[in-house]
Amino acid sequence: MIEIKNLHASVNGKQILKGINLSIKAGEVHAIMGPNGSGKSTLAQVLSGHPAYEVTEGTVTFEGQDILDMEPEKRAHAGVFLAFQYPVEIPGVSNSYFLKAGLNEIRKSRGQEELDSMQFLKLLKEKMKVVEMDHSFINRPVNEGFSGGEKKRNEILQMAVLEPKLAILDETDSGLDIDALKIVSAGVNKLKSPTNATIVVTHYQRLLNYIVPDFVHVLVNGRIVKSGGKELAMELEANGYDFIKEEMLQSA
Amino acid sequence: MAETIEELVSQEYKYGFTTDIESDTIPVGLSEDVVRIISAKKNEPEWLTEWRLKAFRVWKTMEEPRWPNLKYAKIDYQSISYYSSPKQAKKLNSLDEVDPILLDTYARLGISLTEQKRLTGVAVDAVFDSVSVATTFKETLKEKGIIFCSFSDAVHEHPELVKKYLGSVVPYADNYFAALNSAVFSDGSFCFIPKGVRCPMELSTYFRINASNTGQFERTLIIAEDNAYVSYLEGCTAPMRDENQLHAAVVELVALDYAEIKYSTVQNWYAGDKDGKGGIYNFVTKRGKCQGVKSKIAWTQVETGSAITWKYPSVILQGDDSIGEFYSVAVVNNRQDADTGTKMHHIGKNTRSTIISKGISAGRGNNTYRGLVSIGKNATNSRNYTQCDSMLIGNKCSANTFPYIEVKNSTSSVEHEASTSKIGEDQIFYCKQRGINTENAVSMIINGFAKEVFKNLPMEFAVEAQKLLGISLEGSVG
């Protein structure tokens, strides 16, 4: 589904990603773990096209298409979704209006008919069940006055409505209490299918108890230094990231 | 992305065309003779000529205000022509006699002056340069006793009303621009809603400046008698020209006991090009008087055009329990300057006022909110709530707020809230990541910001205003 080759990226002239190689197939869940400042979030931002990041080298092919030159909205139309670590507030714009606008843009780009308000509302209410969200959220302004947990749930709701092919969850577990974590994870799991893929970016192993990855990659200093199965996450949890760094030193 | 932004910013002003029509324009310059010529052209009674001359004499002794936070080239009042009208052989008796070129001009602006085709139930008075060219639905309104006509017609047909109310809210010596207007005003709309009548349709005036080197000085007077209600809309556009053009209007509203006047403006005068060349200088005095008890006046304005805006629609809350409201969205982009706000003068007891101001600054625009809330000694138990929000787009624009508050009794309360936010790259990116392109994202964010004001506009106007806001700011985010 997505093929990342030798990806280098910088922000404000500072090199953050220094050659990422990663290949993800449909139906797979990949976890990206790593210490603070290793480049995890940068990877998520670069894949979705944040303008602050400059790709200096490498390629990203999504469903056979080079996406690095595409505007973020075009990537969204192609099926890339980012669940933000810090969801953004848009005062005065209702959640449903925002989401309907997004969905209809995506549908238009695919030659599908746009949904009218009634059709959309029906869909939205169905999807709200997935993340156990109250109907009052329909008309509340996007993320304004939401608690941390509500914001994260709202991200998953958006994902449920937009049905992306590739979902990138950036630190979705940060700021969540255990109940919210369960609801959010359950939501993500319900949306999993053999035709879509998920990248879970996280600092802690905790989330991976609920969203079980097929592969775990450890990112240190802008490179993937170790890849493995879900047991790698356990190892990291037990030993911390230092043991990886030591391994690296020894092999150097 | 930078290139597309450039392209979008330089997008042409949609209403910038000129109409090629023969016009009767008097030579440039201003003197007592010019004032007399204007008055004579309009065949005015002597009292009005005298009134104009008094205004002119006062104006000569006054100085242009220096306190606004505005930068503009000095206006040479002697290089402006103070009267221009499309040539018409005779007085028009019906719309069929209006020059087709003018009808076509208004059609291009999206205003239909043909009554039969007008389904939306809005009566329109169209002002082209210095004169009113057509007023629709006159007869329908007449049946209810409502007078809606050009100011010139009102002078002849209802002199007693004009004499009674002209200058009663904005005296000719009120300020520099009001004095100038009083001396040379050309035309405008007059509207009178008799006792107990609820105006069945929206009344609307559409102002169009066409001729070059002319100023537009219209005068609007609206009177709502006891228990009357009217909702009034005003729209404006002008051609794109390299020279600045002066627009100095005066609007007076009078609400008697239990009367209500809603006055909405969507101002889209030409704003000048991206380097600040050309555009309208908009110096306007708008004031309403809640003369009667429990009367209400609400101003709603969406200001997107003009190179320079100087405008403070105000309410004098004279009647006990009267209500004044001001809802404003002011947008500046490129090199536009706006110094706008309101004044609420609480005089009667238990008077209430609400001010919601949303300023949006983009490009190198400079946006100033200036407001006065004054609560007099006898205005006991009065209340004011003010909310002033500013939004900045980009790094080169500015927003300023100058709220003045004077309270002279101890039973009243005044609240003031203010916020400044910046439309962030992150907000735009968030929208884009959900599939919404930059233009639509900006428009969505801005409209969300201005929502509280839009909801006070009549439906049809609100939709128009939302689109306009999107266009004014297209591509201003990088």
Side-chain angles (χ1 to χ4, degrees), chain A residues 44-45 47-53 69-95 97-110 114 139-144 151 154-155 157-159 161-164 167-168 170, chain B residues 1-5 8 327 329 356-360 387 389-395 417-456 462-463 465-466 469-470 475 477-478:
Chain A
Q45 302 279 343
L47 292 180
S48 49
H50 195 290
Y53 298 86
D69 284 335
M70 285 160 69
E71 284 287 320
E73 67 269 27
K74 298 288 179 214
R75 301 186 198 195
H77 298 168
V80 176
F81 178 90
L82 172 67
F84 283 61
Q85 180 177 5
Y86 304 108
V88 180
E89 297 181 4
I90 309 179
V93 177
S94 79
N95 229 357
Y97 182 84
F98 174 69
L99 204 42
K100 180 168 161 259
L103 178 65
N104 277 335
E105 287 298 326
I106 291 173
R107 291 181 66 93
K108 251 197 304 196
S109 77
R110 294 177 184 165
E114 293 181 45
N139 292 318
R140 279 174 59 179
V142 180
N143 292 323
E144 199 188 31
K151 284 183 183 173
N154 202 23
E155 291 295 291
L157 170 68
Q158 297 184 23
M159 174 176 149
V161 170
L162 302 180
E163 296 182 324
I168 305 163
D170 188 6
Chain B
M1 202 190 289
E3 278 164 17
T4 46
I5 287 161
L8 286 167
Y327 304 99
V329 175
I356 310 282
S357 163
K358 304 275 181 175
I360 300 162
Q387 189 187 330
D389 297 323
S390 306
M391 180 176 264
L392 303 172
I393 303 175
N395 299 320
E417 282 182 28
S419 78
T420 303
S421 56
K422 210 176 152 191
I423 203 168
E425 204 176 55
D426 284 337
Q427 276 179 321
I428 306 274
F429 177 61
Y430 192 62
C431 294
K432 283 166 81 90
Q433 213 303 304
R434 297 304 184 247
I436 302 162
N437 67 25
T438 309
E439 271 171 51
N440 291 339
V442 172
S443 160
M444 184 186 280
I445 294 164
I446 295 296
N447 281 308
F449 175 72
K451 196 181 185 177
E452 276 172 275
V453 173
F454 287 156
K455 71 180 186 205
N456 289 295
V463 174
Q466 285 195 7
L469 216 54
V477 178

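Because only heavy atoms are used, hydrogens play no part in the values below, and waters and symmetry mates are left out as well, while side chains stay in. All of these numbers come straight from a predicted model, not from anything done at the bench. Sequence lines set the chain letters: A, B, ... in the order given, protein chains first and strands last, and positions in each chain run from 1.
- Contacts with chain B were tallied for A/Gln45, A/Glu105, A/Gln158; A/Gln158 has the most, counting heavy-atom pairs under 4.5 Å.
- Within the 4.5 Å cutoff, side-chain heavy atoms of A/His50 are placed close to those of B/Glu425.
- What you find for A/Glu73 and B/Thr438 is that their closest heavy atoms are OE2-N, 4.3 Å.
- Scanning for salt bridge (Lys or Arg N to Asp or Glu O under 4.0 Å) contacts around A/Glu163 gives A/Lys127, with sequence neighbours left out.
- With respect to chain B, the highest number of heavy-atom pairs below 4.5 Å among A/Val88, A/Val80, A/Leu99 belongs to A/Val88.
- B/Arg434 approaches A/Leu82 most closely through the heavy-atom pair NH1-O, 2.8 Å.
- Nearest heavy-atom pair across B/Tyr430 and A/Pro87 is OH-CB, 4.1 Å.
- Counting heavy-atom pairs closer than 4.5 Å to chain B, the top residue among A/Ser94, A/Gly92, A/Ser109 is A/Gly92.
- A/Tyr86 and B/Asp426 share no donor-acceptor pair across their side chains, judged by distance under 3.5 Å alone.
- Residues B/Cys431 and A/Ile90 have side chains in contact (heavy-atom distance under 4.5 Å, counting atoms from C-beta outward).
- For A/Tyr53, the OH atom counts as densely surrounded, since its 6.0 Å shell holds more than 12 non-hydrogen atoms of other residues, nucleotides or ligands.
- Heavy atoms only, all atoms of each residue included: A/Ala101 and B/Met444 are closest at CB-CE, 3.5 Å.
- In this structure, B/Gly435 and A/Ala76 approach most closely via the heavy-atom pair N-CB, 3.6 Å.
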